[in-house]
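To start, the structure under review is shown below, and the notes come after it.
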Amino acid sequence: MAQYFEVHPENPQPRLLKQAASLLQQGQVLAIPTDSSYALVCPLDDKAAVERLRRIRGVDDKHLLTLLCKDLSELASYARVDNRQFRLLKQATPGPYTFVLEASKEVPRRISHPQRKTIGLRVPDSPVVQGLLDMLGAPLLASTLILPDEPDPLSDPEEIRQRLQKDLGAVIDAGTVAIKPTTVLDLTSMEGGGSATVLRQGQGDLARLGLA
């Protein structure tokens with residue numbers, strides 16, 4: 001039975017975030033609000049939790065999962081980033097963008113793309129996510145909370161609890177959030193002088209990055 005934490009969206013209560021962080025450290029999968037939609041999250045280094053997250057989402061190991069990082073410095077620890085990529089990342093973080101980059105050796109092979117050795121990374125502009133990352137001292141593995149055979153992310157935390165209470169360790173309720181997922185940019189195409197490739201137009205504004 002999933003626990004349920006009601007937190008303030010701008011000033012989340014540290015006591016509740018600490019309880020949620022403890023569940024993550026125990027290998028639980030949680031549903032949390034981000035600056036784009038609700039997401040499923042679990043520890044990066046817990047194989048069983050990663051497999052459970054994939055099962056809930058109904059995706060295989062070819063589906064790119066995303067690392068939620070506290071800041072650009074942490075992001076750069078898990079991906080190979082050149083100067084041009086770094087400048088674009090600096091413009092876009094924090095915010096509702098996911099970046100596909102070549103994974104560094106810090107990323108377990110089982111969660112990078114099996115053929116391309118890439119990983120999705122983002123720095124959310126969300127006090128709830130930032131608070132959790134602060135307490136954990138490490139990034140979280142995440143996937144937009146879209147259930148199998150459904151077109152849109154779940155956005156109502158009460159509905160999430162009702163439908164997934166047997167699968168999750170907890171739901172963090174910060175109110176209903178946007179149902180538009182992140183904009184996804186493949187930055188590996190910038191290597192050798194190319195341009196970023198838009199894989200999905202989502203909430204992140206392309207004009208902000210000069211890509212419109």
Side-chain angles (χ1 to χ4, degrees), residues 1-44 46 48-60 63-70 94-98 120 122-136 138-184 200-205:
M1 186 71 69
Q3 295 188 50
Y4 197 75
F5 304 120
E6 293 185 69
V7 304
H8 191 282
E10 299 300 327
N11 297 290
Q13 300 90 318
R15 173 181 59 85
L16 298 179
L17 291 185
K18 185 176 181 180
Q19 292 178 51
S22 177
L23 290 171
L24 287 165
Q25 289 167 335
Q26 295 169 36
Q28 296 288 344
V29 178
L30 270 61
I32 69 170
T34 75
D35 52 348
S36 62
S37 64
Y38 273 84
L40 296 171
V41 297
C42 71
L44 167 65
D46 191 313
V50 175
E51 290 175 351
R52 195 178 317 120
L53 186 153
R54 289 189 183 276
R55 177 181 58 77
I56 296 169
R57 278 283 274 113
V59 297
D60 60 20
H63 181 87
L64 198 66
L65 299 177
T66 299
L67 279 185
L68 301 182
C69 299
K70 177 170 176 52
Y97 304 87
T98 298
R122 64 175 299 224
V123 180
D125 188 13
S126 162
V128 175
V129 180
Q130 288 289 338
L132 276 176
L133 295 175
D134 261 340
M135 289 187 173
L136 292 166
L140 284 168
L141 197 62
S143 184
T144 302
L145 211 174
I146 303 175
L147 295 182
D149 302 319
E150 296 190 13
D152 298 314
L154 296 183
S155 62
D156 182 342
E158 284 282 1
E159 181 186 1
I160 293 169
R161 176 168 65 168
Q162 290 170 7
R163 297 183 64 177
L164 296 175
Q165 59 182 337
K166 294 181 180 179
D167 299 300
L168 300 174
V171 176
I172 297 182
D173 176 358
T176 300
V177 300
I179 61 171
K180 195 172 186 180
T182 58
T183 290
V184 181
R200 179 177 71 196
Q201 172 72 72
Q203 191 171 333
D205 183 10

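We count residues from 1, following the sequence as given. Nothing here was measured: the structure is a model prediction, and the numbers come from that model. Reckoned from all heavy atoms, side chains included, excluding hydrogens, waters and symmetry mates.
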Could you tell me the separation between the [atom1] atom of [X] and the [atom2] atom of [Y], rounded to the nearest 0.5 Å?
{"X": "Leu64", "Y": "Thr98", "atom1": "CG", "atom2": "OG1", "result": "9.0 Å"}
{"X": "Glu51", "Y": "Leu53", "atom1": "CD", "atom2": "CG", "result": "11.0 Å"}
{"X": "Gln28", "Y": "Gln3", "atom1": "CD", "atom2": "CD", "result": "8.5 Å"}
{"X": "Leu133", "Y": "Leu17", "atom1": "CG", "atom2": "CG", "result": "10.5 Å"}
{"X": "Leu168", "Y": "Ile160", "atom1": "CG", "atom2": "CD1", "result": "8.5 Å"}
{"X": "Ser37", "Y": "Ile32", "atom1": "OG", "atom2": "CD1", "result": "10.0 Å"}

If you define the side chain from C-beta out and look only at heavy atoms, does anything of [X] sit under 4.5 Å from [Y]?
{"X": "Arg122", "Y": "Asp35", "value": "yes"}
{"X": "Leu141", "Y": "Leu67", "value": "yes"}
{"X": "Thr176", "Y": "Tyr38", "value": "no"}
{"X": "Gln25", "Y": "Leu136", "value": "yes"}
{"X": "Arg200", "Y": "Thr182", "value": "yes"}
{"X": "Thr183", "Y": "Gln203", "value": "no"}
{"X": "Pro12", "Y": "Phe5", "value": "no"}
{"X": "Pro33", "Y": "Ile172", "value": "yes"}

Short side-chain to backbone donor-acceptor contact, [X] and [Y], under 3.5 Å:
{"X": "Gln130", "Y": "Asp125", "value": "no"}
{"X": "Thr144", "Y": "Ile146", "value": "no"}
{"X": "Arg54", "Y": "Asp60", "value": "yes"}

Exercise. Verify side-chain contact (heavy atoms from CB on, under 4.5 Å) between Leu145 and Leu164, making sure each step is shown before the conclusion.
Key: CA-CA 11 Å; Leu145 211 174; Leu164 296 175; 3.9 Å; yes

Taking all atoms of both residues into account, what is the closest heavy-atom pair of [X] and [Y], and its distance?
{"X": "Cys42", "Y": "Val29", "answer": "CB-CG2, 4.1 Å"}
{"X": "Asp205", "Y": "Tyr97", "answer": "O-OH, 2.7 Å"}
{"X": "Pro14", "Y": "Met135", "answer": "O-CE, 3.3 Å"}
{"X": "Val129", "Y": "Pro124", "answer": "CG1-CG, 3.8 Å"}
{"X": "Asp167", "Y": "Arg52", "answer": "O-CD, 4.0 Å"}
{"X": "Ser36", "Y": "Pro96", "answer": "CB-CB, 4.2 Å"}

Quiz item: Mind checking what makes salt bridge (charged side-chain N to carboxylate O under 4.0 Å, His left out) contact with Asp134, not counting sequence neighbours?
Solution: Lys70

Self-check item: From Glu159, Gln165, Glu158, residue fulfilling side-chain hydrogen bond (donor to acceptor under 3.5 Å, both in side chains) relative to Arg161
Solution: Glu158

